[in-house]
Enquirer: 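Provided herewith is a single structure, encoded as structure tokens, for subsequent inquiry.
We name chains A, B, ... by the order of the sequence lines, and we start the count at 1 in each one. Owing to the predicted nature of the structure, the values given are computational and were not obtained by experimental measurement.
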Amino acid sequence: MPIAPYEPQRIEPKWQQFWEDRQTFAARADTSLPKYYCLIEFPYPSGAGLHVGHPRSNTALDIIARKRRMEGFNVLYPIGWDAFGLPTENYAIANHVHPAKVTRDNINHFRAQLKRLGFSFDYAREVDTTDPSYYKWTQWIFLKLYEHGLAYKAQMPINWCPSCKIGLANEEVVAGLCERCGHEVTRRVKTQWMLAITRYAQRLLDGLDTVDFIDRVKAQQRNWIGRSEGCEVDFQVAGTQETLRVYTTRPDTMFGATYMVLSPEHPLLDTLASSIHNREALREYAEQAALKSDFERTELARDKSGLRVEGLSAINPATGQAIPLWVSDYVLMGYGTGAIMAVPGHDQRDWEFARAFDLPIVEVISGGDVSQAAYTDVASGRMVNSGFLNGLPAQEAIEVMSDWLVDQGIAQRKVNFRLRDWVFSRQRYWGEPIPIVHCEDCGMVPLGEDQLPLLLPEVESYQPTDSGESPLAAITDWVNVPCPACGKPARRETDTMPQWAGSSWYFLRYCDPHNDEAFASQEALDYWMPVDWYNGGMEHTTLHLLYSRFWHFFLHDIGLVKAPEPYQKRTSHGMILGENGDKMSKSRGNVINPDDLVDEIGADAFRVYEMFLGAFDQAIPWSMNGARGTRRFMERVWRLQEMVRGDQPGFSPALRVLVNQTIKRVGEDYERMKFNTAIAQMMSLVNAFYEQGQVSHDDLRALLLLLSPAAPHICEEVWQQMGYPGYIHGQAWPAYDEAYLVEDEVEIAVQVNGKVRLRMMVPSGLRAQDGQELAQRGEVRDLVGDRQLLKCIFVPGRLLNLVVRDR
RNA sequence: GCGGACGUGGCGGAAUGGCAGACGCGCCAGACUUAGGAUCUGGUGACCCCGGUCGUAAGAGUUCAAGUCUCUUCGUCCGCACCA
């Protein structure tokens, strides 16, 4: 029977319209059903439109979402827009358009592009972080954080990008450069809003043990949190009442501490200024250091600089000896206590510093040669020159010395984290206004809940000011308001929130996106949370993932969400590179536009190719020819309609095992994110259909069901063309029959001493004992010849290995 | 330096310790065609005396059997980094 040609341009819009009209993929309100929450990182609706990287993540979880529905789950697979952000604002500045309009246009473009790809999103639950009905709740959560003392203002040196005219979080500084524009970041002291994420450092770390995140993500989170265990020890400053507190993870080496180093900003330099003989030189050094960014100061390759603090020394509590104090900018005020004890024999940085300034190096752990290099091996060294520690393994000495110091009353055990509090304010227009009013009498006054959302005012110019103030500061009738507490004239906060704010809780809003009374209802949250499977890019594993877990922990603590962790499972997809292996970018001219792909090969082939091109978690170069290959596969699937023969129920007898194997394999591979091998398996099945020249209805149905999550339009269409009942999205996921996973007869390899000499068909039920017998007969026996058969290994269904020796 | 991932044909990549290279791309040949950037069929790791030999970054080890496990070395990518 001749069939119509395969025309994705015709059938794809047809089914997209059908699903939309019937609200096929809307998450149901029925909380008695088992639920499954699939989440992808909501896109930033940039002017460039959809990138081929978006469909990689979207298709992967679309496959899971569609499969879950076929398995009977009530699935939530939402989409939204992370729409605040600098590119939009910069575009608005350059083109004199309102960023809200830019955002609206971009979102419409993105949505249309996504719809052409047939993702089973519940579009009725779309969220937009720039919508006042959304950011009302972002502001509300901020006020809760403020209320609980987790949002505070602090004078602090921040990372300042002179090009973007914006303060950056540590997380946004990459190799000393602005993550967004690449301009060099400098230091600037400003009053900033901070969020106390460090109070959650331990829980952010511990929680990782309870969730199913891929190793790479867990490792990066741990790395970023940077926990270390050690002691805070007070060193007496000789001849004064002052003590100098240091943090060390290696108290065992204290007998080898021959000097101390202070950060140039250390307050002790002021406190004891009168005893210091070279105050002027130290001040100059501090000024020099202040000009440098943290990156410059901590750059590894740089030669150490430093200056002796003349007139002061400290007492090493282990030896009782006076040791000199130095100042150097490699010691940071922001980590530990801003001062260190230096053990040049067993710390590489201290060793280099001691060498540069000719300070004594004492060996306190044997095993290396401290005249050549610092010996840092804790695991195998033993203590020497260390009084009561002598002879102990270093590992043990850490404990003994810590206890001793604590007993002496000069130290306490201390856990330190590398994680810093989160700089939460931005001096920009296009972000959530911070709902705080500054009153001369009352101080900082939060807006009442009834005054939310605090809307962004209309402004003439979105250009940030050189003074580092947000453009909002210029809108006097917005800025000047009566104090909500006392009614006196007061000023609004003019900083806005960073882009990370809206994305720190959007997964909660999806549960109940139209709620005006709360950010989401308790019932909705209890039912849908936690997210069962979250996929996104590797680039968000230190920033967004940490921030959103922190917000969720906080909301959990104040009783608003039940689940302790927001995401049960987190996977990450690899980047799609240009055909030449470079990152795709306009300037390189290697960008692939999804719309062009859909026009040329259709959405189904495009989706299948994205899943087929390689291991899901790896970066892969795009191949236009490869994409055309999956289009050929679609054509082959389409033409199977012509090959259906007979009306016998069941799979074709010759293919029964292969079909069952494929059902098992594809289901398992989808779950393990091995999409490429799942597609390969289905291609093999189709090849087998073609070799056989015909298929049964059940053969075809099985293939369509397995393929439908990846290529939904063609499968719906063929299903309908064949007159099968209902729609494919409403069918149950197919089951396989354990009894038909292996053929009755299998080919095994016969090896002699590990080399294949023969292949033969044997019954698949053959066990080890039968294998032994096999070796005694026929051609297998001939392989042994007159050599001595030492051993005979039989692996059922795979091989027989004859271990022989010449006589 | 620390942490993570990894190294397999011309290319993307498959392989619970059990026949390396599934599947796809590309390439070669044939069929069908007025035609082919369509479709179908077959072939495609290297070497070779056509019987085999060698092959998964390099080297060693464990094993009847190693791409897979162990050790050493080399290399690539990602994250962090004078973090005390």
Enquirer: Give the dot-bracket string for RNA chain B, reading 5' to 3', where a pair is Watson-Crick or G-U wobble with both distances under 3.5 Å, ( ) marks pairs inside the strand, [ ] marks pairs crossing earlier ones, | marks a partner on another strand, and . marks unpaired.
Expert: (((((((..(((.....[....)))((((((.......))))))(((....)))..(((((..]....))))))))))))....
Enquirer: Taking donor-acceptor contacts at under 3.5 Å, does the side chain of A:Asn801 reach the base of B:rC64?
Expert: yes
Enquirer: Considering residues at least two apart in sequence or located in another chain, which fulfil the salt bridge (Lys or Arg N to Asp or Glu O under 4.0 Å) criterion with A:Lys414?
Expert: A:Glu232
Enquirer: Quick one: do the A:Arg418 and A:Asn223 side chains pair a donor with an acceptor below 3.5 Å?
Expert: no
Enquirer: Scan residues 670-689 of chain A for pairs that pass salt bridge (Lys or Arg N to Asp or Glu O under 4.0 Å), counting only residues two or more places apart or in two chains.
Expert: A:Lys67-A:Glu671, A:Arg68-A:Glu671, A:Asp669-A:Arg672
Enquirer: Indicate whether OP1 or OP2 belonging to B:rA84 is found under 4.0 Å from a side-chain N or O atom of A:Tyr335.
Expert: yes
Enquirer: Identify whether any heavy atom of A:Ile793 sits under 4.0 Å from a base atom; if not, whether one sits that close to sugar-phosphate; answer base, sugar-phosphate or nothing.
Expert: base
Enquirer: For the residue pair A:Thr542 and A:Gln220, confirm or rule out a side-chain donor-acceptor distance under 3.5 Å.
Expert: no
Enquirer: Side chain of A:Arg216: nearest nucleotide among B:rA15, B:rG12, B:rG4?
Expert: B:rG4
Enquirer: Return the nearest nucleotide to the side chain of A:Ala615; candidates are B:rU39, B:rA14, B:rC54.
Expert: B:rA14
Enquirer: My understanding is that only residues two or more places apart in sequence, or in another chain, count here; which of them pass salt bridge (Lys or Arg N to Asp or Glu O under 4.0 Å) with A:Arg216?
Expert: none
Enquirer: Take the protein atom CG of A:Leu543 and the nucleotide atom P of B:rG79, then report the distance between them rounded to whole Å.
Expert: 11 Å
Enquirer: Taking O4'-C1'-N9-C4 for purines and O4'-C1'-N1-C2 for pyrimidines, is B:rG9 syn (within 90° of 0) or anti?
Expert: syn
Enquirer: Scan nucleotides 42-52 of chain B against the protein and return all N/O pairs shorter than 3.5 Å with their distances rounded to 0.1 Å.
Expert:
none

Enquirer: Between the protein and nucleotides 20-27 of chain B, are there any N/O to N/O pairs under 3.5 Å, and if so, what are the atom names and distances?
Expert:
residue: B:rG24; atom: OP1; partner: A:Asn687; partner atom: ND2; Å: 3.0
residue: B:rC25; atom: OP1; partner: A:Arg632; partner atom: NE; Å: 3.1
residue: B:rC25; atom: OP1; partner: A:Arg632; partner atom: NH2; Å: 2.9
residue: B:rG26; atom: OP2; partner: A:Arg632; partner atom: NH2; Å: 3.2

Enquirer: Within the 4.0 Å heavy-atom criterion, would you say A:Ile620 contacts the bases, only the backbone, or no part of the nucleic acid?
Expert: sugar-phosphate
